[in-house]
Number of protein chains: 2
Amino acid sequence: MDKYVKELKSHKLKITSQRLDILSFLDENRVHPSADEIYKAIKINSPALSKTTIYNNIDVMVKNNIIKAFRFMDSNELRFDYKTTEHYHFICRKCKNIYDVDISLPYLEKFEHYKHKVEEFYGDYKGVCENCLNKKKQKKK
Amino acid sequence: MDKYVKELKSHKLKITSQRLDILSFLDENRVHPSADEIYKAIKINSPALSKTTIYNNIDVMVKNNIIKAFRFMDSNELRFDYKTTEHYHFICRKCKNIYDVDISLPYLEKFEHYKHKVEEFYGDYKGVCENCLNKKKQKKK
DNA sequence: TCTTAAATTGTAATTATTCCAAAACAACAA
DNA sequence: TTGTTGTTTTGGAATAATTACAATTTAAGA
């Protein structure tokens, strides 16, 4: 049985071609796409697709922890990610590339003297990526 | 000389009543307001105010590091903050209150083996706040 | 006071997202 | 395999946040 079918079944979600398309697209294209990018990509082979379907399913899958939603501070679109294990994002302010950062932040230890109950932590990094740094060096020479 | 005038001058920005209004509003009301909330609050005493002015100025001030912009993952509006020193936000999923969290995260040390140059780190916490936790306990009794 | 570049205003346009009602479909039972 | 039912999909319209633009006004230096 297909892994995406298994994934959906384990959350008691109905198997639809739209859901499978979204999951496989996210899994095979780790580019942190927006709802619109997912929509456009899938629509190529399934022209009847509606944008509402994308939003509905994204919603359901985020709630079921199958995919993760995140956004950058200064961006107005949500982005999505198949991976749900702890990781962060680095965005380059020059090339706008988004890199996964696989570290684990000690976000709870520091929180001690606040009495709020932390359930989630979200964080991202911004700066200039390795590639763009190297380009700059070459120009200077 | 007024501290907001000084602040604007130090960034070579023109002094306008609109800018002074925005700054004093943000400084005196530490509620992380959205653009619309700032607009409505200032419009009461300056009815000629345009929303575009709010957006323009917010933009200029963020770029000049006078105020800070941030947003929560699942919200679609930007929020603003007079404080520009390192601090994070905790949002309560019950009462939606936003609390400042004055800690400093060791976000750079962990980053070592990536070659990207980090310039900024953004993070926020989500959970249930002290108040809401206490309310729940009382109900149970 | 004069000049000029920058800021403000109001309206219109755009973008992301949500709402809604009708039609289509998946899953389960008979 | 077919019928039933509740869920999903669709498309169009509505909303919310933000941006674009052109005309008017204004701050600040000469």
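In what follows, chains carry the letters A, B, and so on, assigned in the order in which the sequence lines appear, proteins first and then strands, with residues in each chain numbered from 1. Nothing here was measured: the structure is a model prediction, and the numbers come from that model.
His116(B) contributes no side-chain N or O that, together with a main-chain N or O of Val128(A), makes up a donor-acceptor pair within less than 3.5 Å. No donor-acceptor distance shorter than 3.5 angstrom exists from the side chain of Lys68(B) to the backbone of Asp81(B), with no hydrogens or angles considered. Distance alone, capped at 3.5 Å, places no donor-acceptor pair between the Lys12(B) side chain and the Lys9(B) backbone. Checked by atom type and distance alone, the side chain of Ser75(B) never pairs as donor or acceptor with a backbone atom of Arg71(B) at under 3.5 Å.
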What does nucleotides 19-30 of chain C look like as a protein-contact string, B for base, S for sugar-phosphate only, - for none, at under 4.0 angstrom between heavy atoms? BB-----BS---
Walk me through it: do Tyr114(B) and Phe90(A) pass the test ring-ring contact (aromatic ring centres under 6.0 Å, His included)? CA-CA 10 Å; Tyr114(B) 290 91; Phe90(A) 174 92; 8.5 Å; no
Run the side chain to side chain contact (heavy atoms under 4.5 Å, CB included) check on His11(A) and Met61(A) step by step: do they pass? CA-CA 9 Å; His11(A) 292 277; Met61(A) 293 186 197; over 6 Å; no
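Rounded to an integer number of Å, the gap from Glu77(B) CD to dT15(C) C1' is 16 Å. Nucleotide dG10(C) holds its C1' atom 13 Å from the NZ atom of Lys51(B), rounded to whole Å. Rounded to an integer number of Å, the gap from CD1 of Ile54(A) to P of dT9(D) is 9 Å. Atom CG in Asp21(B) sits roughly 13 Å away from atom C1' in dT8(C) (whole-Å rounding). The nearest whole Å value for the distance from the CG atom in Asp59(B) to the C1' atom in dA17(D) is 14 Å. Distance CZ (Arg19(B)) to C1' (dA28(D)): 13 Å, rounded to an integer number of Å. In this structure, CG of Leu20(A) is placed 13 Å from P of dT8(D), rounded to the nearest angstrom. The distance from atom CZ of Arg79(A) to atom P of dA16(C) is 10 Å, rounded to the nearest whole Å.
Between dT17(C), dT9(D), dT8(C), one nucleotide has an atom nearer to the side chain of Gln18(A) than all others, and that is dT9(D). Of the candidate nucleotides dT17(C), dT9(D), dT18(D), dT9(D) has the atom lying nearest to any side-chain atom of Asn57(A). Which of dG11(D), dT18(D), dT9(D) sits closest to the side chain of Arg71(B) comes down to dT18(D).
Linking ILVMFWY residues whenever their side-chain heavy atoms come closer than 4.5 Å, directly or via other members, leaves Tyr55(B) and Tyr82(B) in distinct clusters.
Of the charged side-chain nitrogens involved, at least one lies within less than 4.0 Å of a carboxylate oxygen, so that Lys3(B) and Asp27(B) count as a salt-bridged pair.
Remark: Ala48(B) in residues 31-48 of chain B come within less than 4.0 Å of DNA chain C through at least one heavy atom.
In this structure, the side chains of Leu13(B) and Asn57(B) stay at 4.5 Å or more apart for every pair of heavy atoms.
Between Tyr55(B) and the phosphate of dT18(D), there is a side-chain N or O to OP1/OP2 separation shorter than 4.0 Å.
The 5' end of DNA chain D is approached more closely, in terms of each residue's nearest nucleotide, by Val60(A) than by the other of Val60(A) and Ser50(A).
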